[in-house]
**Student:** 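Would you mind keeping the following structure in view while I ask a few things?
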Amino acid sequence: MNTSESPVVVMKFGGTSVGDISRIKRVADLVAAFRQSDPGVRIVVVLSAMAGETNRLVRLAKECVDRPQPREMDVLLATGEQVTIALLAMRLCEMGISAKSLLAPQVRISTDARHTNAQIESIDSRVIEDIVAAGAIPIVAGFQGISEEGDITTLGRGGSDITAVALAAALRARTCYIYTDVPGVFSTDPRLDPNARLLERVSHEEMLEMASLGAKVLHPRSVYFAMRYAVPLVVLSTFAGACSPGINGTWIVREEELMEKPLVTGVTHRFDEAQLTVEGMPDDIESMSKLFDALAERDVYIDMISQEGVGSHLVNVSVTVPDEQSGLALETIRGIVPTLKANGVTVERDIAKVSVVGVGMRYHTGVAARAFRCLAREGISVQMVNTSEIKMSVLVTRKYCEAAVRALHAEFIG
Ligand code: ADP
Ligand code: ASP
Ligand code: MG
C-alpha cells in the first residue's frame, strides 16, 4: 500500500469507551465523523472488551477451578473482544460504512506461547491492507494473538494498547489514537488527585516509566513499541465531544521534542507488590548470595532490596516482588531458612509503591532530599527506596498511598 497517498490511522477504544451499546454507537459515530473530516485517510480500529468483562471472565475461571490452565484461560479471556468488534462492525455497516470485524488469527498477530502474558513477534499487515484498499474499515480485536502452535494467546491485562501500537507500526500509520475515559495523560491519576494536570506532551522514556510504575492509561509495552518504531502516539478522550483528534489529548514524543523538561512530570502508584523480610540472617555475603540465587532459580522478579542491622552480625533483608509471585517467593525462602541460619521469613502485602518520574531529574540533584522532607512533614515513613536516572520510588504502608501521592504531587508539580 502506498501510505503517502492514503495515510492510515489506528483508533483504539478502551473498555469504558465500548462499555455498553450506547457507547458502542457513540464510537461508531466518532469513527464516521473522523472519516468524514478526513476522507483521504484509511481507518483501522482496535477494540477492548466491554469494561468489567475481562474481570468477569477471570472470576468465572476462578469459580470453576483452583488453577486455570493458562491455555484455556486465554481461550476464555479472548472472548471479550470478540463481542465488541462484532457489535461495532454491524453498527458501522448499518450506517452505510463498510466494516469488518477481525480476530487475531485472521490478522495473523503472531506471539510467543507465554499464555496470558504473550509478546507479539510479528504481524502480517497484508490482510488489513487488502481490507482498507477495498475501502472497508477493519475492526480488530485487541489483547489477543496466536502462537506458532496455533493456540490463542493474550498479551496481559491492558494489552489492547499493545495491539493498537504494534498494528500502527506494522502499517506505518500516520498516527495511533488511544481513546479512553480521561482526556489524556495526567501528572497523576486524576481519579486520585483533583490537582492532576493534563500533560500536552510526555517523552517516551517518562511515559514508559510512568506506565510501568502504575499509570495504567497506557500499557508499558505499547509505549516501547511507539518508541522503537517511531509511531506518533496520542491519548485522548472518547467522551470529550471532539471529533477532530490531535487538538486535545497528550502526545507521546521524543525527549528532544519537549518544550521544557520539568524536574518531575508525573507521580504514580501501584499496589501489586509484596514485601518479604528474612529475619535475623547472618550478615555475610555468602548468605546473601544463597538467598538471591534461590530466588533467581525460581524466576522470582525482585524489585526493591533493603538491609537493616539487627544486633551483632545479624541483618533483616527485605525484598519486594510482584504480588502474584509472593507465594512462590515465600515457599522458596522458607525452604532455605535453615541453610541461611535465619530466624524466619515474613510477608507483607499491605504496601504501596509511590514514584516520581521526570526527565528533568537527569539534570538536577536533591530530588530525594525534597521527597523525604515532604513525606516526613506528612508523617509518612518510607520502608524502602529505589532510584534510577529519571525516577525515584518509595515503599509506604498502603493506607498512606493516597496521602503520599498528593503530597509529592503538591511538592513537585503544584
Ligand atoms: P481503557 O479501558 O480505555 O484502556 P484504562 O482504565 O486502562 O482505560 O486507563 C485509563 C485510566 O487510567 C483512567 O481512568 C485513570 O484513572 C487511570 N490513570 C492512572 N494514572 C493516570 C495518569 N497519570 N493519567 C491518566 N490516567 C491515569
Ligand atoms: N480486555 C483486556 C483487559 O481488560 C485488554 C484491554 O482492555 O486492554 O485487560
Ligand atoms: Mg487500558
Side-chain angles (χ1 to χ4, degrees), residues 157 186-196 209-217 220 264 266-281 291-292 295 300-311 314-334 337 342-358 361 366-388 391-413:
R157 298 305 305 273
F186 282 77
S187 53
T188 193
D189 188 341
R191 297 187 198 285
L192 199 148
D193 188 342
N195 294 321
E209 287 285 12
M210 284 174 67
S212 307
L213 295 168
K216 86 187 246 255
V217 63
V264 171
V267 182
T268 62
H269 69 282
R270 57 190 305 167
F271 295 130
D272 51 2
E273 284 188 28
Q275 179 182 358
L276 290 108
T277 303
V278 190
E279 292 175 341
M281 194 174 106
L291 170 64
F292 289 99
L295 290 167
V300 175
Y301 175 86
I302 291 162
D303 184 18
M304 295 173 154
I305 304 174
S306 81
Q307 178 183 327
E308 179 198 10
V310 281
L314 291 181
V315 284
N316 285 351
V317 177
S318 296
V319 295
T320 67
V321 302
D323 197 20
E324 61 189 19
Q325 286 195 312
S326 61
L328 176 66
L330 186 63
E331 184 193 300
T332 307
I333 299 177
R334 267 202 192 124
V337 157
N343 290 338
V345 55
T346 58
V347 63
E348 196 188 335
R349 296 174 120 157
D350 199 17
I351 53 167
K353 185 164 81 171
V354 177
S355 309
V356 293
V357 176
M361 286 163 76
V367 175
R370 255 175 91 181
F372 285 131
R373 263 200 309 275
C374 157
L375 293 169
R377 270 198 308 273
E378 300 293 316
I380 300 172
S381 62
V382 170
Q383 301 176 15
M384 275 197 235
V385 185
N386 193 357
T387 60
S388 77
K391 71 123 202 272
M392 173 184 170
S393 301
V394 293
L395 197 73
V396 299
T397 307
R398 191 177 288 199
K399 69 174 180 215
Y400 294 128
C401 175
E402 199 170 320
V405 168
R406 286 173 191 241
L408 291 171
H409 190 272
E411 172 71 28
F412 289 105
I413 298 172

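Keep in mind that the numbers below use all heavy atoms, side chains included, and drop hydrogens, waters and symmetry copies.
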**Student:** For the residue pair Gly280 and Asn316, what are the closest heavy atoms and their distance?
**Tutor:**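 In this case the closest contact between Gly280 and Asn316 is N-OD1, 2.9 Å.
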
**Student:** Can you give me the closest heavy-atom contact between Thr320 and Met384, atom names plus distance?
**Tutor:**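 That closest heavy-atom pairing would be CG2-CE, 3.7 Å.
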
**Student:** What pair of heavy atoms forms the shortest contact from Ala196 to Pro190, and how long is it?
**Tutor:**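 Answer, listing the atom of Ala196 first, then Pro190: CB-CA, 3.8 Å.
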
**Student:** Apply side-chain contact (heavy atoms from CB on, under 4.5 Å) to residues Phe292 and Val319 and explain how you reach the verdict.
**Tutor:** CA-CA 10 Å; Phe292 289 99; Val319 295; 3.7 Å; yes

**Student:** Which pair of heavy atoms, one from Thr397 and one from Gln383, lies closest together, and at what distance?
**Tutor:** OG1-NE2, 3.2 Å

**Student:** Would you name the heavy atoms of Ser381 and Val396 that are closest together and state the gap between them?
**Tutor:** O-CG1, 3.9 Å

**Student:** Checking Phe372 now: which residues fulfil ring-ring contact (aromatic ring centres under 6.0 Å, His included) with it, not counting sequence neighbours?
**Tutor:** none

**Student:** Which distance, rounded to the nearest 0.5 Å, do you find between the OG of Ser187 and the NE2 of His409?
**Tutor:** 2.5 Å

**Student:** List the atom of Val315, the atom of Gln307, and the distance in Å for their closest heavy-atom pair.
**Tutor:**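 The pair with the smallest heavy-atom distance is CG1-NE2, 3.4 Å.
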
**Student:** For Glu324, is the CD atom crowded, meaning more than 12 foreign heavy atoms sit under 6.0 Å from it?
**Tutor:**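 No.
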
**Student:** Quick one: side chains of residues 342-350, donor-acceptor pairs under 3.5 Å with protein atoms, not counting sequence neighbours, listed by atom name and distance.
**Tutor:**
from   : atom 1 : to     : atom 2 : distance (Å)
Arg349 : NE     : Asp323 : OD1    : 3.0
Arg349 : NH2    : Asp323 : OD1    : 3.4

**Student:** List for me each residue that meets salt bridge (charged side-chain N to carboxylate O under 4.0 Å, His left out) alongside Lys353, sequence neighbours excluded, and say none if there are none.
**Tutor:**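 Counting only residues at least two positions away or on another chain, Lys353 forms a salt bridge (charged side-chain N to carboxylate O under 4.0 Å, His left out) with Glu273, Asp303.
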
**Student:** Thr268 side chain to Leu213 main-chain N or O, any donor-acceptor pair under 3.5 Å?
**Tutor:**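 Between the backbone of Leu213 and the side chain of Thr268 there is a qualifying donor-acceptor contact (under 3.5 Å).
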
**Student:** Salt bridge (charged side-chain N to carboxylate O under 4.0 Å, His left out): which pairs involve residues 393-402, sequence neighbours left out?
**Tutor:** Glu402-Arg406

**Student:** CZ/Phe412 to CE/Met361 distance, rounded to the nearest 0.5 angstrom?
**Tutor:** 7.5 Å

**Student:** Who passes side chain to side chain donor-acceptor pair (under 3.5 Å) against Glu331, sequence neighbours left out?
**Tutor:** Arg298

**Student:** What's the spacing between Met392 CE and Leu408 CG if we round to 0.5 Å?
**Tutor:** 8.0 Å

**Student:** To the nearest 0.5 Å, tell me how far Leu395 CG sits from Ile351 CD1.
**Tutor:**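 Answer for the CG-CD1 pair, Leu395 versus Ile351, is 4.5 Å.
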
**Student:** Is there a donor-acceptor contact under 3.5 Å from the side chain of Thr188 to the main chain of Val267?
**Tutor:**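 Checked: pair present.
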
**Student:** How long is the straight-line distance from CD of Glu279 back to OG of Ser318, given to the nearest 0.5 Å?
**Tutor:**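 With rounding to 0.5 Å, OG (Ser318) is 8.0 Å from CD (Glu279).
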
**Student:** Using a 6.0 Å cut-off, check whether atom CZ of Phe271 has over 12 heavy atoms from anything other than its own residue.
**Tutor:** yes

**Student:** Of Val337, Thr332, Ile333, which is the lone residue that meets side chain to side chain contact (heavy atoms under 4.5 Å, CB included) with Leu291?
**Tutor:**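 Only one of Val337, Thr332, Ile333 forms a side chain to side chain contact (heavy atoms under 4.5 Å, CB included) with Leu291, namely Ile333.
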
**Student:** Supply the atom-to-atom distance Met210 CE to Ser355 OG, rounded to the nearest 0.5 angstrom.
**Tutor:** 10.5 Å

**Student:** Sequence neighbours left out, what pairs pass salt bridge (charged side-chain N to carboxylate O under 4.0 Å, His left out) with at least one residue falling in residues 372-382?
**Tutor:** Arg377-Glu411

